[in-house]
Amino acid sequence: MTMFNALNRFFGGDSVDERAATGALAEYYRTPAPSRRTPIAQLPLLAVDVETTGLDSRKDRLLSIGWIPVDGHEIDLSGAGYGVIEQETHETVGESATIHGLTDDHVHREGEAAPEVLARLLQALRGRAMLVHYKKVESTFISDACQDHFGTGLKAQYVDTLELARRFIEDGGGHPKGDDLRLARIRERLELPSYHNHNALTDALACAEVYLALIARTRAKTLGALL
């Protein structure tokens, strides 16, 4: 993590200087984001999931990213993307491999340079809001990576299915507790099929399907109501 990022996080800041962006991030910022008034039926989203060595971006590392476009009420599998991010030769994924299945050998054999994977993600994200499950993880790790490779962090609109699920359960008179807001548990509640968890592309698809199931059960009409 850069000194700027470390200080910004220490002081609780969330500022991003778009003028400092370079490369693919600069191109991303040249494309207007969807308006908060955009109808859900026309809303362009990109479902995104990451796998990491842990949950603390100050010490853990980004290992893979998966993404799938969602256009209104349709998932566009033809626009799906996935990338494993190469690590330094001395770095190990450690015990996190038991969660996501990315072994050191896999990462070192299949990994691509982080700027290349991020550039593909940013191109897919242009003009879209980002759809995630538990915003803190994706927003922090991806923004930090953009800071490291493209001059500044990522500012995006985030639609968080964890928060949408929380509202859905509470509106029904329930009180989420324990694992109730985990992606797999929410899929069970919504009677969606079970997937193998902790592959970034599969989890991005799982998130997209949960989103469509939840908005079918909500009165929200525009992007602003989902934020």
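In this structure, SG on Cys146 lies 7.5 Å from CG on Leu121, to the nearest 0.5 angstrom. Rounding to the nearest 0.5 Å places CG of Leu45 at 12.5 Å from CD1 of Ile68. The CG atom of Asp144 lies 7.5 Å from the CD atom of Gln147; values are rounded to the nearest 0.5 Å. Taking NE2 of His175 as the reference point, atom CD of Glu170 lies at 8.0 Å (rounded to 0.5 Å). Atoms CZ and CG, from Phe141 and Asp56 in turn, are 7.0 Å apart once rounded to the nearest 0.5 Å. Rounded to the nearest 0.5 Å, atoms NE2 (His198) and OG (Ser64) are 11.5 Å apart.
Between Ile169 and Arg189 there is a side-chain heavy-atom pair separated by less than 4.5 Å. Residues Val132 and Val137 have side chains not in contact (no heavy-atom distance under 4.5 Å, counting atoms from C-beta outward). Annotation: side chain of Leu154 is not in contact with side chain of Val16 (no heavy-atom distance under 4.5 Å). Between Glu209 and Ile75, the closest side-chain pair of non-hydrogen atoms falls below 4.5 Å. You'll find the side chain of Glu74 stays beyond 4.5 Å of the side chain of Pro69, heavy atoms only. Using a 4.5 Å heavy-atom threshold, the side chains of Glu51 and Val84 count as separate. By the 4.5 Å heavy-atom criterion applied to side chains, His133 and Asp203 are not counted as neighbours.
Val70 and Ala208 make their closest contact through CG2-CB, 3.7 Å (heavy atoms, listed as atom of the first residue, atom of the second, distance). The two atoms that bring Leu25 and Gly153 nearest to each other are CD2-O, 3.7 Å, heavy atoms only. For Ala165 against Leu214, the heavy-atom pair with the smallest separation is N-CD1, 3.8 Å. In terms of heavy-atom proximity, Leu212 sits nearest to Gly72 at CD2-O, 3.9 Å. Contact between Ile40 and Ala220 at its shortest, heavy atoms only, is CD1-O, 3.3 Å. The minimum heavy-atom distance between Pro115 and His149, with the atom names listed, is CG-ND1, 3.6 Å.
Counting heavy-atom neighbours within 6.0 Å of Arg36 CZ, excluding the residue itself, gives a total of 12 or less. Within a 6.0 Å radius of CZ in Arg182, no more than 12 heavy atoms belonging to other residues, nucleotides or ligands are found. For CD of Gln123, the number of neighbouring non-hydrogen atoms (other residues, nucleotides, ligands) closer than 6.0 Å is 12 at most. More than 12 heavy atoms of other shown residues, nucleotides or ligands fall within 6.0 angstrom of atom CZ in Arg109. Within 6.0 Å of CG on Leu55 lie no more than 12 heavy atoms contributed by other residues, nucleotides or ligands.
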- Would you please test Tyr29 and Thr152 for side-chain contact (heavy atoms from CB on, under 4.5 Å) and show each step? CA-CA 11 Å; Tyr29 281 131; Thr152 192; 4.3 Å; yes
- Full working for side-chain contact (heavy atoms from CB on, under 4.5 Å) between Leu223 and Gln157: CA-CA 9 Å; Leu223 170 60; Gln157 296 163 314; 3.7 Å; yes
- Task: Tell me, with the steps shown, if Arg166 and Leu181 meet side-chain contact (heavy atoms from CB on, under 4.5 Å).
- Result: CA-CA 7 Å; Arg166 186 195 306 278; Leu181 294 176; 3.6 Å; yes
- Task: Please test Thr218 against Leu164 for side-chain contact (heavy atoms from CB on, under 4.5 Å), starting from the C-alpha separation and ending with a verdict.
- Result: CA-CA 9 Å; Thr218 182; Leu164 295 182; over 6 Å; no
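With hydrogens and angles disregarded, a donor-acceptor distance shorter than 3.5 Å links the side chain of Asp160 to the backbone of Lys135. With hydrogens and angles disregarded, a donor-acceptor distance shorter than 3.5 Å links the side chain of Glu91 to the backbone of Glu88. Of the possible polar contacts, one joining the Arg61 side chain to the Thr92 backbone as a donor-acceptor pair under 3.5 Å is found. The main-chain N or O of Val50 is found under 3.5 Å from a side-chain atom of Glu138 such that the two form a donor-acceptor pair. Panel note: side chain Thr31, backbone Gly127; no donor-acceptor pair is recorded below 3.5 Å. Arg120 places a side-chain N or O within donor-acceptor distance of the main-chain N or O of Tyr82, the cut-off being under 3.5 Å. Under the 3.5 Å distance criterion, the side-chain polar atoms of Asp49 are left unmatched by any main-chain donor or acceptor of Leu201. Remark: the backbone N or O of Thr38 is not paired with any side-chain donor or acceptor of Thr222 at under 3.5 angstrom. In this structure a side-chain-to-backbone donor-acceptor pair under 3.5 Å is missing from Asp71 to Pro44. Here the side chain of Arg37 pairs no donor or acceptor atom with the backbone of Gly224 at under 3.5 angstrom.
Side-chain atoms of Asp60 and Thr52 include no donor-acceptor pair closer than 3.5 Å.
Partner of Cys207 under the side-chain contact (heavy atoms from CB on, under 4.5 Å) criterion, out of Ile186, Leu162, Val159, Thr161: Thr161 alone.
Under a 4.0 Å N-O distance rule, the pair Asp171/Arg167 does not qualify as a salt bridge.
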